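To start, the structure under review is shown below, and the notes come after it.
In this text, all values refer to a predicted model and were calculated from it rather than measured experimentally. Hydrogens, waters and symmetry mates are skipped; everything else that's a heavy atom, side chains included, is used.
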Amino acid sequence: VWYKWKDLTIKQFAAVGCAIIFAFGSLFYLGKTQGALEYGGNLFFFQDKPAIELAVELERRASDIPGKLEQIYHNKLTSIWRVFIHKYEFAFSPGYLFSDQEGSGIFSLWERGQMYYIDAVLVFLGILYLFIRRRKEWLLFILFILIAPLPSGLGPEPVNYTIRASFMLLPLALFAGAGISAIDFFVTNRHLRPVVYGLVGIVYLYFIGGYLTQYYYDWSRFGAKYYSKADRDLAYLLLQEKNTRPQIIVTHAQPMTVLQFAFYSALPPQNIQ
C-alpha cells in the first residue's frame with residue numbers, strides 16, 4: 001500500500017483493509033476456539049514477569065550504583081530492552097546468516113548459514129545498486145528487512161530464528177537478485193561481464209551442491225537425534241525383545257516415545273487414541 005499509494009483506488013484500499021481485518025480476525029477466532037495463541041506459552045518474552053523481576057534484582061545486587069541511579073539504569077524497561085536487542089540483532093549477525101545458523105537442530109545444519117557466502121557480496125552490491133538507482137524500492141526493502149526479525153526479538157524462549165525471522169528471506173533474496181543485476185551497472189567492460197556472470201554461476205553451483213551433499217549424506221546421520229532417532233531405536237529394540245521376556249519396563253518415557261513406538265510397531269491408531 002505504501003509503495004503504490006498514489007495508484008490505488010478506494011476499492012483497492014478497502015480490499016486491503018478487509019484482508020487485514022480477516023487475517024487478524026481469523027487468528028483471534030482460532031486463538032479463542034482452538035487455543036492457537038497458547039502454543040509455546042507466552043507470546044512475548046516480557047510476559048514472563050517473574051523472570052524480568054529476577055533479572056532486575058540480580059542486576060541491582062551486582063551493582064554499587066546509588067539508589068536513584070540504580071532505578072534509572074537497572075529496571076524492567078532496561079532489562080527488557082537488553083533482551084530484545086540481543087535477540088533481534090542476532091538475526092542480522094554474520095554467524096547466523098552465513099556460517100552457523102541457530103542452535104536448534106531441527107531448523108539448521110551444522111557449519112552452514114541461512115545464505116551462501118557469495119550472497120554476502122551480492123546483497124551488498126544489491127543494496128548499493130538500489131540505493132543509487134531505485135531509492136524508493138531500496139527504502140521499501142530496508143524497512144521490510146528491519147521489521148522481519150521482530151518476532152525473533154519479541155518471541156519467548158526457545159528462540160527459533162529460522163521460523164520467526166523467515167520474512168527476512170524475501171528482502172535478502174531481492175537484494176541478492178539486485179546484486180546479480182547490478183553486475184551490468186558496476187562492470188562497464190562488456191567483454192568482462194560474461195566472465196563475471198559465469199563465475200557467479202559456478203560458485204552458486206558449488207555451494208548448492210555442497211548444501212545438497214551435506215543435507216542428504218551428512219546431516220542424515222548428524223541430525224538424526226533431532227528427529228527422534230533414539231525413540232526409533234528403542235522401538236526396534238522393544239520389538240526384538242518383547243517375545244523373549246514376560247515384561248519390559250521403560251523409564252522416563254515421554255508422550256513422543258509412546259507415539260514413536262506405536263508408529264514403528266504399526267499399532268492400530270484407535271488403540272493409541
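- When all heavy atoms are compared, the tightest approach of Leu125 to Phe186 is O-CE1, 4.0 Å.
- Residue-environment remark: NZ (Lys136) exceeds the threshold of 12 foreign heavy atoms within 6.0 Å.
- Between Tyr129 and Asp184, the side chains place no donor N or O within less than 3.5 Å of an acceptor N or O (distance only, hydrogens not considered).
- Between Phe261 atom CZ and Arg232 atom CZ the span is 15.0 Å, to the nearest 0.5 Å.
- Hydrophobic cluster membership is shared by Leu146 and Leu97, with clusters built from Ile, Leu, Val, Met, Phe, Trp and Tyr side chains linked at under 4.5 angstrom.
- Contact check for Gln247 versus Lys242: no side-chain heavy atoms found under the 4.5 Å cut-off.
- Counting heavy-atom neighbours within 6.0 Å of Ile248 CD1, excluding the residue itself, gives a total above 12.
- Under the 4.5 Å side-chain criterion, counting only non-hydrogen atoms from C-beta, Phe175 is not in contact with Asp119.
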Could you go through Gln101 and Tyr96, starting from their C-alpha distance and side-chain angles, then the distance that decides it, and tell me whether this counts as side-chain hydrogen bond (donor to acceptor under 3.5 Å, both in side chains)?
CA-CA 4 Å; Gln101 295 191 18; Tyr96 167 69; over 6 Å; no
Going through the distances and angles, do Val200 and Ile183 end up as a side chain to side chain contact (heavy atoms under 4.5 Å, CB included)?
CA-CA 10 Å; Val200 170; Ile183 292 175; 4.0 Å; yes
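- Between Trp81 and Phe84, the ring planes are tilted. Angles from 30° to 60° get that label.
- Judged by distance alone, with hydrogens and angles left aside, the side-chain atoms of Thr162 form a donor-acceptor pair with the main-chain N or O of Phe107 at under 3.5 Å.
- Here the closest heavy-atom approach between residue Tyr264 and residue Leu239 is recorded as O-CD1, 3.7 Å.
- Distance alone, capped at 3.5 Å, is enough to place a donor-acceptor pair between the Gln12 side chain and the Thr9 backbone.
- The aromatic rings of Phe167 and Phe144 sit tilted, their planes meeting at an angle between 30° and 60°.
- Within the 4.5 Å cutoff, the side chain of Ile85 has no heavy atoms near those of the Phe90 side chain.
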Applying side chain to side chain contact (heavy atoms under 4.5 Å, CB included), run through Ile142 and Phe131 and close with a yes or a no.
CA-CA 10 Å; Ile142 287 294; Phe131 180 79; over 6 Å; no
Going through the distances and angles, do Tyr88 and Leu154 end up as a side chain to side chain contact (heavy atoms under 4.5 Å, CB included)?
CA-CA 8 Å; Tyr88 176 84; Leu154 296 172; over 6 Å; no
side-chain hydrogen bond (donor to acceptor under 3.5 Å, both in side chains) assessment of Thr244 paired with Glu241
CA-CA 5 Å; Thr244 64; Glu241 299 292 332; 3.1 Å; yes
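- For the pair Glu137 and Leu174, the minimum side-chain heavy-atom distance is 4.5 Å or more.
- Under the 3.5 Å distance criterion, the side-chain polar atoms of Arg193 are matched with a main-chain donor or acceptor of Val187.
- The closest side-chain heavy-atom distance from Val250 to Leu234 is below 4.5 Å.
- A centroid separation of less than 6.0 Å is found between the aromatic rings of Phe13 and Trp5.
- Between the side chain of Gln47 and the backbone N or O of Phe44, at least one donor-acceptor pair lies under 3.5 Å.
- No donor-acceptor pair under 3.5 Å is formed between the side chain of Tyr116 and the backbone N or O of Tyr204.
- Tyr227 and Tyr236 fall into different hydrophobic clusters, where Ile, Leu, Val, Met, Phe, Trp and Tyr are joined by side-chain heavy atoms under 4.5 Å apart, directly or via other members.
- Between Glu57 and Arg61 there is a salt bridge, since at least one side-chain N of the basic residue sits less than 4.0 Å from a carboxylate O of the acidic one.
- Taken from CG in Leu172 to CD1 in Ile145, the straight-line distance is 4.0 Å, to the nearest 0.5 Å.
- Rounded to the nearest 0.5 angstrom, Trp138 CH2 and Leu143 CG are separated by 8.5 Å.
- Counting only distance, with no hydrogens or angles, the side chain of Ser265 and the backbone of Ala262 share no donor-acceptor pair below 3.5 Å.
- Ring geometry for Tyr117 versus Phe98: interplanar angle under 30°, hence parallel rather than tilted (30 to 60°).
- A side-chain donor-acceptor contact under 3.5 Å links Asn75 to the backbone of Gln71.
- Side chain of Ser181 to backbone of Gly177: a donor-acceptor contact under 3.5 angstrom is found.
- With rounding to the nearest 0.5 Å, the separation of CD1 in Ile80 from CD1 in Ile52 is 5.0 Å.
- Each of Leu237 and Leu259 belongs to its own hydrophobic cluster when Ile, Leu, Val, Met, Phe, Trp and Tyr are linked at side-chain heavy-atom distances under 4.5 angstrom.
- More than 12 heavy atoms of other residues, nucleotides or ligands shown are found within 6.0 angstrom of OH on Tyr226.
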If you apply the rule side chain to side chain contact (heavy atoms under 4.5 Å, CB included), what do you find for Tyr73 with Glu59, and how did you get there?
CA-CA 10 Å; Tyr73 292 105; Glu59 288 176 10; over 6 Å; no
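- Thr33 contributes atom OG1, which lies 10.0 Å from atom CZ of Phe28 (distance to the nearest 0.5 angstrom).
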side-chain hydrogen bond (donor to acceptor under 3.5 Å, both in side chains) between Gln34 and Tyr29, intermediate numbers included:
CA-CA 8 Å; Gln34 299 183 14; Tyr29 173 77; over 6 Å; no
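- Other residues, nucleotides and ligands place no more than 12 heavy atoms under 6.0 Å from the CZ atom of Arg134.
- Pairing each heavy atom of Thr257 with each of Asp231, the nearest pair is OG1-OD1, 3.3 Å.
- Heavy-atom minimum distance, Val56 versus Ser79: CG2-CB, 3.9 Å.
- Atom CG of Leu109 is separated from atom CD of Gln214 by 5.0 Å, given to the nearest 0.5 angstrom.
- For OH of Tyr206, the number of neighbouring non-hydrogen atoms (other residues, nucleotides, ligands) closer than 6.0 Å is 12 at most.
- Atom CZ of Phe185 has more than 12 heavy atoms from other residues, nucleotides or ligands within 6.0 Å.
- Within 6.0 Å of atom CZ in Arg133, 12 or fewer heavy atoms from other residues, nucleotides or ligands are found, so the atom counts as exposed in its surroundings.
- A donor-acceptor pair under 3.5 Å links the side-chain atoms of Ser63 to the main chain of Ile65, judged by distance alone.
- Nearest approach of Asn160 to Glu102, heavy atoms of both residues: C-OE1, 3.4 Å.
- Closest of all the heavy-atom pairs between Ser152 and Val159 is O-CG1, 4.1 Å.
- A distance-only check finds a donor-acceptor pair linking the side chain of Ser99 to the backbone of Gly95 [under 3.5 Å].
- Residues Asp48 and Pro156 are not in side-chain contact: their nearest non-hydrogen atoms beyond the backbone lie 4.5 Å or more apart.
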